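The structure appears below as structure tokens.
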Amino acid sequence: MTVSMEENSKIQMLSATSKDKKVATDRSLLNKYHLGPLALHTGLVLSCVTYALGGAYLFLSIEHPEELKRREKAIREFQDLKQQFMGNITSGIENSEQSIEIYTKKLILMLEDAHNAHAFEYFFLNHEIPKDMWTFSSALVFTTTTVIPVGYGYIFPVSAYGRMCLIAYALLGIPLTLVTMADTGKFAAQLVTRWFGDNNMAIPAAIFVCLLFAYPLVVGFILCSTSNITYLDSVYFSLTSIFTIGFGDLTPDMNVIHMVLFLAVGVILVTITLDIVAAEMIDRVHYMGRHVGKAKELAGKMFQLAQSLNMKQGLVSGVGQLHALARFGMLVGREEVDKTQEDGIIAFSPDVMDGLEFMDTLSIYSRRSRRSAENSARNLFLS
Amino acid sequence: MGRRHRRSKVTRVVNLVKKIIAFFFSHIGLCALVVGYALLGAVIFKAVEGPHEAEIQELVKSAREKAVDVVWNATFRVNRLDSKQWKKTVLDEVKRFKTVCMLSIRKGYDGKEYGKQAQWTFTGAFLYSLTVITTIGYGNTAAKTYIGKTLTMLYAIIGIPLMLLFLTNIGDVMAKIFRFLYAQSIRLKFRLILWHKKRKAAKIRRANSLVSRLTRGHRVKADSSVDSFGLGAGADVEDLLTARVEMEQLEVRETAAAQLESMTVPISLVVFTMLGYLGVGTTIFKVWEGWTFLESFYFCFISLTTIGFGDKFPSTSVSNTDEAQEKLVITSIYLLFGMALLAMCFNLAQEEVQNKTRWIADKFRSKEDDDD
């Protein structure tokens with residue numbers, strides 16, 4: 001009797017210990033769940049900022065001495081050309097037309113070089129000491145537009161060493177930046193989707209399309225009012241920038257920080273919009289698929305359109321998986337509940353789309369409209 | 001009767017529309033659509049920007065003629081004026097001419113003579129259209145007129161999604177082809193290995209048969225004790241060798257099956273392919289433009305990553321000669337195919353990264369289960 005009582009008390013103690021362990025585990029997992037994604041977002045953004053600043057310093061230290069050297073050479077060449085022209089004019093009166101012709105050709109040829117054009121404009125036309133092309137702020141704009149990759153071409157490396165550094169810098173920087181922007185964009189899109197998209201994805205899609213078209217117009221208006229270019233040129237500049245075309249034929253006066261923020265927000269907006277619109281198209285095509293035989297083919301094409309963003313988004317799937325890892329702890333505590341709802345998920349899965357492999361991005365946008373937020377992490381693993 | 005006829009007609013029209021849509025979203029239709037869109041852009045931009053370019057060239061030409069006249073007159077009067085005033089007059093006129101040149105350059109003048117050379121030829125406009133929809137955007141050639149800029153914006157809004165769709169399709173197809181070729185090379189490799197193993201097995205079998213024959217002969221001649229010992233030894237050795245060879249063959253088949261099942265191309269092979277393509281482009285532009293190796297590689301890299309600074313550009317191609325136009329076409333094809341190849345590489349690399357990430361996730365989950 002005494003022995004059995006002792007055994008019972010031991011068993012109770014063990015069960016209590018296990019319960020305490022479970023509670024402690026849940027708390028730590030809850031903390032992990034809250035801190036994980038935030039740390040990930042912040043880490044990526046800080047990495048990008050650090051990378052851009054570091055690159056600016058690197059290219060400034062490499063290219064600034066080269067610029068000074070080339071400027072002196074350019075000014076000397078222009079002086080020589082001028083002296084030669086004056087000499088020709090003085091010696092032969094009947095050859096003046098030919099002299100001007102030769103002078104013009106040589107002048108235009110020299111001006112094709114950006115450094116020469118820069119020095120010529122300041123030194124000869126304005127009679128000023130030429131401003132430095134490579135300052136820290138211009139280097140920062142350069143590194144930012146390299147990794148996004150807009151590539152205005154206002155300034156660029158001309159030395160061999162600078163160009164080699166640029167190739168290595170872009171190889172590392174472009175994937176990092178695109179992953180960060182895709183991550184931030186997905187985060188923002190989730191917020192909007194959660195707020196508006198309880199019933200369907202049409203409203204978020206419409207919102208982002210309107211934002212995308214309004215953004216260049218608004219920024220164009222701001223540029224037009226603060227700078228010396230026309231409204232059309234401002235909108236033209238904005239549009240070619242956020243689509244990362246970046247001709248660089250216009251040079252609006254703009255603060256470096258504003259320029260960087262404008263580019264980052266614009267490109268993220270383009271990414272989100274293309275992503276969501278493609279997801280919406282897949283939903284619509286799926287609905288049509290109940291009546292149209294070739295919907296699967298069309299859906300596949302539209303789906304591939306969404307998938308194509310990975311070329312711009314870099315390793316977005318890796319980010320998705322990281323999100324899944326961050327949310328994994330939440331699943332352990334809800335195993336039983338999810339098992340019950342999992343059958344429901346299978347019941348609602350679209351038959352026509354069975355052959356398709358959904359990307360992480362699509363699983364969030366296209367499936368969220370049918371299920372509650374609690375299943376989002378589960379869906380990430382299922383997708 | 002009329003109602004039935006009307007319904008069949010409507011159905012026929014709907015089916016026709018479906019077929020057309022299916023065709024344009026197929027691979028061939030999509031390629032044709034992209035090329036057609038670029039050609040359309042070429043026609044439009046040449047019509048819009050060509051006259052503007054001619055106008056600018058005329059402006060510079062007249063400015064130069066005026067400069068010539070002034071210098072001539074000043075020089076003609078040198079007998080009556082002092083040299084200081086003559087020099088001042090000439091310098092002022094030359095400075096004015098320089099100013100006109102600089103402003104014209106800003107407006108798009110590139111130093112080319114009217115009628116002899118022009119940026120906005122058909123192929124030049126084609127390359128411009130391509131750099132817009134691929135988002136490379138060199139900027140050497142850029143729209144300058146009001147209408148040109150407006151059309152560029154509209155052209156980009158429609159063309160960029162179209163190009164993304166095209167790259168997705170063509171990248172997917174190329175990825176499949178690449179994967180198929182890789183699988184075939186794996187099969188070939190393991191077939192060679194199996195062939196070697198089988199030849200080795202045949203050698204062993206011949207050796208075994210020789211041993212058996214010797215043992216059999218020995219058994220006829222020798223006494224019973226030696227006979228039993230020899231036969232046992234021969235049988236054991238034979239069985240061991242045969243079993244080992246069969247085990248090796250089984251291992252090879254299992255390895256081949258495992259690799260074919262995963263069906264992912266290594267990232268190193270993807271990177272090597274991309275570097276090879278860059279190498280080809282580097283060689284082409286080095287020969288054409290007289291650039292150094294680094295400059296050519298730099299241009300190809302900047303183009304295919306769609307950064308497109310525009311500091312390096314095939315400048316001798318901007319001409320009306322047939323050879324120059326041909327170079328522009330080849331440059332366009334190189335860029336288009338290069339973008340598709342890049343999309344393919346992204347597809348393959350993405351699969352590899354995805355598989356590795358999933359493997360890590362599974363391992364993490366297993367660890368969690370063990371802890372629980």
Side-chain angles (χ1 to χ4, degrees), chain A residues 85-86 89 93 96-97 100 104-105 107-109 111-112 114 117 120-121 124-125 146 149-153 156 158 160 163-164 166-167 170 174 232-233 235-236 239-240 243-249 274 292 294 297-298 301 304-305 307-311 315 317-318 321-322 324-325 328 332, chain B residues 18 21-22 25 64 67-68 71-72 75-76 87 90 94 98-99 101-102 105 111 131-132 135-139 142 146 149-150 152-153 156 160-161 164-165 167-169 171-172 294-295 297-298 301-302 305-311 315 342-343 346 350 353-354 357-358 361 364-365 368 372:
Chain A
F85 171 69
M86 296 302 294
I89 290 290
I93 295 174
S96 62
E97 183 168 353
I100 292 183
T104 305
K105 284 187 176 178
L107 185 67
I108 296 296
L109 194 65
L111 289 177
E112 282 183 1
F120 180 83
E121 184 171 358
F124 290 101
L125 295 186
T146 296
V150 185
Y152 289 126
F156 42 83
V158 291
R163 284 179 174 156
M164 281 187 250
L166 176 68
I167 290 172
I174 291 178
L232 175 72
D233 285 351
V235 176
Y236 175 77
L239 199 79
T240 54
F243 278 124
T244 71
I245 301 173
F247 287 123
D249 52 336
L274 285 175
V292 180
K294 292 188 177 179
E297 185 177 351
L298 289 175
K301 303 305 173 189
Q304 285 172 341
L305 173 63
Q307 195 172 0
S308 71
L309 293 174
N310 288 304
M311 189 180 69
L315 307 175
S317 62
Q321 293 297 332
L322 286 173
L325 281 173
F328 178 75
V332 175
Chain B
K18 285 183 210 169
I21 292 175
F25 280 106
R64 191 177 67 216
V68 169
V71 170
W72 178 269
T75 307
F76 180 74
K87 183 169 287 187
V90 170
V94 168
K98 286 178 183 176
T99 306
C101 280
M102 181 56 71
I105 286 170
T131 57
V132 170
T135 73
I136 298 175
Y138 291 116
Y146 182 93
K149 286 174 178 173
T150 307
T152 300
M153 287 192 271
I160 288 173
L164 287 176
L165 188 62
L167 289 178
T168 302
N169 263 270
D172 194 45
L294 179 64
E295 283 168 349
F297 187 84
Y298 172 80
F301 181 84
I302 294 300
T305 52
T306 72
I307 300 174
F309 286 127
D311 56 331
S315 56
L342 200 63
F346 263 114
Q350 177 190 320
V353 171
Q354 205 172 358
T357 310
R358 189 173 288 126
F364 188 73
R365 180 160 52 184
E368 287 288 322
D372 290 343

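Naming: A, B, ... by sequence-line order, numbering from 1 per chain. Note that the coordinates shown come from a computational prediction; the quantities given were computed from them, not determined experimentally.
Per-residue counts of heavy-atom pairs under 4.5 Å with chain B were compared for A/Val158, A/Leu232, A/Thr240; the largest is that of A/Leu232.
Across all their heavy atoms, B/Met153 and A/Tyr236 have their closest contact at SD-CA, 3.7 Å. Taking both residues in full, the closest heavy atoms of B/Phe309 and A/Leu166 are given as CE1-CD2, 3.5 Å, listed atom of the first, atom of the second, then distance.
How far OG1 of B/Thr306 is from CD1 of A/Ile245: 10.5 Å, rounded to the nearest 0.5 Å. Atom OG1 of A/Thr146 sits about 7.0 Å away from atom CD1 of B/Ile302, to the nearest 0.5 Å.
Heavy atoms closer than 4.5 Å to chain A are found in the side chain of B/Phe301, but not in its backbone. If you measure heavy-atom distances from A/Leu239 to chain B, the contacts under 4.5 Å come from the side chain alone. Contacts between B/Ile160 and chain A at a heavy-atom distance below 4.5 Å involve the side chain alone, from C-beta outward.
No side-chain heavy atom of A/Phe156 sits less than 4.5 Å from a side-chain heavy atom of B/Ile307. Residues A/Phe247 and B/Val132 form a side-chain contact, since some pair of their non-hydrogen atoms from C-beta on lies under 4.5 Å apart.
With sequence neighbours excluded, the residues forming a side chain to side chain donor-acceptor pair (under 3.5 Å) with B/Thr152 are B/Tyr128, listed by chain and number.
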